[in-house]
Trainee: 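Structure below; questions to follow.
Every value quoted in this text rests on a predicted model; they were computed, and no experiment measured them. Just follow the structure's listing: the first ligand is 1, and inside any ligand the first atom is 1. In this chain, residues are counted from 1 in sequence order.
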Amino acid sequence: MSKRTLDAFFKPKTTTPPTKRPKPTPTADNSPPHSTEDITAPDTHPSYPSPIPQLPSHISIALTHGTPAKEPRAINNQPDLDLLYFQPYITRPTANELFKFLRRELPFYRVKYTIKRGGIETEINTPRYTTVFGVDDTSQFTSYRDIKSKNKNEDEDDEDETTNPNENSINSSSNLSLTETTSKTPIRNTKYQYTPRPIPTCLNQLKARVEAATGSRYNSCLVNYYSSGNDSIAFHSDDERFLGASPDIASLSLGGEREFVMKHKPVPPRHTGSTTSLTSTSTSASPSTAGTTLKFPLSSGDMILMRGSTQSNWLHSIPKRKGRSGEAVEGRINITFRRAMVPAGTNNYYRYNVGDGGVWRWDGGRGRWFV
Ligand SMILES: O=C(O)CCC(=O)C(=O)O
């Protein structure tokens, strides 16, 4: 294939029109939308509805030199439970700054989808604002320059500009294209149902720190925003097969305090004398676990790492929180860092965290969301 044809192939074809952004008025967050220290260009990519700024340098420095703020506590005193509880992972002042930055700068969505309940199509309105970045292990974002460089090496006669592998930074993310991880060839257009988006530098920096603290690798950042104590997430486990058998999931809290509640999955009664007996990953639970509910307060900057057999045996939730004024209405961001192994994970994450609706933005000046 000629260089000209390859260039045309890899260049992003369409650019999503930028979404409306609030005028840069002084914000209720007490910080200008872009402080004077933030002079580095924002990340841009055709899959982003608008550019995503770099972390202010004081946050970036605090993350690099100040995390983990405290060594974690291992919680493994219940059957099948294996947690690391960082209380906190990021100091409260930095966590609150990071909360305001991410609420202001990330594109959020309010996803609606339908499921069949008792044979009837039911519309579900996700009771949170959500967003997601990243792609499963079978694909990777590769810089346009690197692809050109690889092609150049295969065709030494082709004249091309010199490439610098160090420029494969997300900062030049408009250059990033999806390639197959093993073959390094461009992915098929039909591989994903939704367009995966590279993790912007601000979240990538955070991910790198979390990886160092937890000893795990992640390829996806899922972000939830709970605008008040009325927003919640029901009991569930992140036990999808696309995460592998015993996934590590790091869950970071920023902003308002909420309670993280866990309970063991129901243990099916022991079934004997049948060749079609149920199999379950939960059979190791002792009777004393049944009905045990664990509650972990999550303040701004706290992080819980769920690992090992936790997801296959325990459910977790953030229940609604009422009655304690102030805390109950304060916004909260939760970021989960996960590693999806196969495209089903990417499809699932984008379907339920981005979907097909409009982009929601936080207007700090007015203290409200707009679409
Ligand atoms: O908000 C939280 O702390 C939990 C989020 C969660 O459970 C999830 O995203 O699956």
Trainee: Is the Tyr129-Tyr109 ring centre distance short of 6.0 angstrom?
Mentor: no

Trainee: Does ligand 1 have an atom under 4.0 Å from some heavy atom of Met306?
Mentor: no

Trainee: Relative to the heavy atoms of His236, which atoms of ligand 1 are at a distance of less than 4.0 Å?
Mentor: 6 (C), 7 (O), 8 (C), 10 (O)

Trainee: Between Arg197 and Phe133, is NZ or CZ placed under 6.0 angstrom from the six-membered ring centre and within 45° of the ring axis?
Mentor: yes

Trainee: Exactly one of Pro196, Pro343, Pro198 should register a side-chain contact (heavy atoms from CB on, under 4.5 Å) with Val135. Which one does?
Mentor: Pro196

Trainee: When the ring centroid of Tyr349 is compared with that of Phe242, is the distance short of 6.0 Å?
Mentor: yes

Trainee: Write out the residue and atom name of the closest protein heavy atom to atom 8 (C) of ligand 1, then the distance separating them to 0.1 Å.
Mentor: Arg338 NH2, 3.4 Å

Trainee: Quick check: does Tyr226 get an N/O under 3.5 Å from an N/O on ligand 1?
Mentor: yes

Trainee: Measure from the ring center of Tyr192 to the ring center of Tyr350 and say whether it is less than 6.0 Å.
Mentor: no

Trainee: Under a heavy-atom criterion of less than 4.0 Å, does Arg258 contact ligand 1?
Mentor: no

Trainee: Below 4.0 Å from any atom of ligand 1, is there a heavy atom belonging to Leu222?
Mentor: no

Trainee: Check each atom of ligand 1 against the heavy atoms of Arg332 and keep those under 4.0 Å away; list them by number with element.
Mentor: 1 (O), 2 (C), 3 (O)

